[in-house]
Amino acid sequence: MNCGKIAKNLTLAGCGASIAGIAPELILLNFDDIDKSASSISGNVLSTIVMSGSAKGYKYESAKNAFEGSVSLNKGTYVNTYNHQLLGRVFAKTQNAKDELIKLAQGKVVAVVKNLDATNQETVYEAYGWDAGLVMSDFQAASTDADGVLYTFTLASDDNAKESELPKSVYSETLAATETMLKGLVVTS
C-alpha cells in the first residue's frame with residue numbers, strides 16, 4: 001500500500017516573500033480535555049474544535065518573536081512521522097507563571113498558533129500536536145540572560161508519540177468565524 005502517492009499540481013512560490021514567524025500568543029488546550037469525536041476535521045483542516053464538558057483552553061501571551069514553531073520529518077523504517085515543536089520565551093517572573101510552567105511540564109497539550117503570514121486565510125491558524133499532543137521536552141532558567149528572557153521552554157512531540165502529518169490548519173469558513181471559534185475555547189480573565 002502506498003499512502004504517499006502525490007495527487008495535485010502545486011505552485012510553491014508567489015509574487016512576494018512570505019512573512020516568517022508566529023504571533024506572540026499561543027492557545028494551549030489540555031490534550032485530554034479535547035472532545036475529538038465531536039470536533040470536525042476534513043483532511044488536514046480542523047473546522048471545529050470541541051472541548052469536553054466545561055473545559056477551556058488557555059492563552060499564553062509573550063513578547064514579539066517569543067514563540068517559534070518548527071516541524072521536522074522523523075524518517076522511519078516503515079512509516080514516516082513528524083515531530084512538532086514550539087519554543088516559548090518568558091519575560092515576566094510571577095508566581096502564577098512559575099506555577100503554570102510547573103503544571104505544563106507535567107501535562108500534554110495541543111497548541112494553536114497564529115502565523116504572521118495571512119496570505120492564505122485557511123492556514124493562518126495551525127494546531128501543533130493534534131494527533132498525539134505536545135509535552136515539555138526542555139526548560140531553561142538562565143539568570144544571566146541579557147535580553148530579558150527569564151525562562152525558555154520547549155513543547156514537542158514525545159519520543160514515542162509523533163504526529164502523522166504537518167500541523168493541522170484551523171479554519172472555519174472564514175477567518176472571522178475561525179477567530180470566534182478559537183476565542184470561545186479560551187478562559188476569559
Side-chain angles (χ1 to χ4, degrees), residues 18-34 39 46-52 54-71 83-130 133-157 163 166-172 174-189:
S18 64
I19 300 168
I22 56 179
E25 63 182 45
L26 303 174
I27 295 174
L28 297 181
L29 309 170
N30 287 308
F31 186 80
D32 292 337
D33 288 345
I34 300 170
S39 298
L46 288 162
S47 57
T48 307
I49 300 172
V50 177
M51 302 299 284
S52 299
S54 61
K56 292 285 190 177
Y58 301 91
K59 187 185 295 187
Y60 279 38
E61 297 177 286
S62 195
K64 181 180 175 186
N65 299 323
F67 298 121
E68 296 177 24
S70 65
V71 178
N83 186 49
H84 293 192
Q85 182 171 299
L86 286 167
L87 171 70
R89 294 176 183 89
V90 179
F91 298 88
K93 186 183 281 193
T94 65
Q95 193 58 50
N96 282 340
K98 290 170 59 177
D99 292 344
E100 288 303 306
L101 289 168
I102 291 168
K103 291 175 189 173
L104 184 59
Q106 303 302 316
K108 186 188 320 187
V109 297
V110 169
V112 178
V113 305
K114 181 179 183 181
N115 294 306
L116 295 179
D117 190 344
T119 305
N120 183 337
Q121 290 190 1
E122 287 181 330
T123 59
V124 169
Y125 289 94
E126 291 181 306
Y128 285 67
W130 180 260
L134 303 174
V135 295
M136 191 177 289
S137 64
D138 188 47
F139 183 87
Q140 301 291 321
S143 62
T144 57
D145 194 319
D147 203 17
V149 179
L150 299 169
Y151 308 122
T152 60
F153 63 90
T154 303
L155 300 173
S157 301
E163 297 294 311
L166 295 172
K168 303 265 188 258
S169 297
V170 180
Y171 185 73
S172 182
T174 66
L175 187 56
T178 303
E179 290 176 340
T180 298
M181 176 196 54
L182 292 173
K183 186 176 180 183
L185 294 175
V186 177
V187 167
T188 56
S189 58

Side chains of [X] and [Y], heavy atoms from C-beta outward: is any pair under 4.5 Å?
X      : Y      : result
Asp32  : Lys108 : no
Leu134 : Ser157 : yes
Val90  : Leu101 : yes
Leu28  : Leu104 : yes
Ile22  : Leu86  : yes
Val135 : Phe31  : no
Tyr125 : Leu175 : yes

For [Y], is there any backbone N or O sitting under 3.5 Å from a side-chain donor or acceptor partner on [X]?
X      : Y      : result
Asn115 : Glu126 : no
Ser172 : Ser47  : yes
His84  : Gly129 : yes
Lys59  : Thr188 : no

- Would Val109 and Leu29 count as a side-chain contact (heavy atoms from CB on, under 4.5 Å) if you check the C-alpha gap in whole Å, the side-chain angles of each, and the deciding distance to 0.1 Å? CA-CA 5 Å; Val109 297; Leu29 309 170; 6.0 Å; no

- Who are the side chain to side chain donor-acceptor pair (under 3.5 Å) partners of Glu25, not counting sequence neighbours?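 Result, side chain to side chain donor-acceptor pair (under 3.5 Å) vs Glu25: none returned.
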
- Query: Excluding sequence neighbours, so at least two apart, what forms ring pair (Phe, Tyr, Trp, His ring centres under 6.0 Å) with Phe139?
  - Reply: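 Residues passing ring pair (Phe, Tyr, Trp, His ring centres under 6.0 Å) with Phe139: Tyr151.
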
- Item | Those residues that, when tested against Phe67, pass ring pair (Phe, Tyr, Trp, His ring centres under 6.0 Å) (two or more places apart) |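 With neighbours one apart ignored, the set is empty.
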
How far apart are the closest heavy atoms of [X] and [Y], and which atoms are they?
X      : Y      : result
Trp130 : Ser39  : CH2-OG, 3.9 Å
Phe153 : Met136 : CB-CE, 4.0 Å
Glu122 : Ser169 : O-CB, 3.3 Å

- Item | For Phe91, all residues meeting side-chain contact (heavy atoms from CB on, under 4.5 Å), sequence neighbours excluded |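 Testing Phe91 for side-chain contact (heavy atoms from CB on, under 4.5 Å), a comparison that skips the adjacent residues, returns Ser62, Ala63, Ala66, Arg89, Val149.
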
- Item | Worked check of side-chain contact (heavy atoms from CB on, under 4.5 Å) between Met51 and Ile34 | CA-CA 4 Å; Met51 302 299 284; Ile34 300 170; 4.0 Å; yes

- Message: Enumerate the salt bridge (charged side-chain N to carboxylate O under 4.0 Å, His left out) contacts for residues 174-189, please, sequence neighbours excluded, ordered by first and then second residue.
- Response: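 Listed by first then second residue: Lys114-Glu179.
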
- Message: Could you go through Asn30 and Tyr58, starting from their C-alpha distance and side-chain angles, then the distance that decides it, and tell me whether this counts as side-chain contact (heavy atoms from CB on, under 4.5 Å)?
- Response: CA-CA 9 Å; Asn30 287 308; Tyr58 301 91; 4.2 Å; yes

- Item | Pairs touching residues 91-103 that satisfy side chain to side chain donor-acceptor pair (under 3.5 Å), sequence neighbours left out |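 Counting only pairs at least two positions apart or across chains, the side chain to side chain donor-acceptor pair (under 3.5 Å) contacts touching residues 91-103 are Gln95-Asp99, Glu100-Lys103.
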
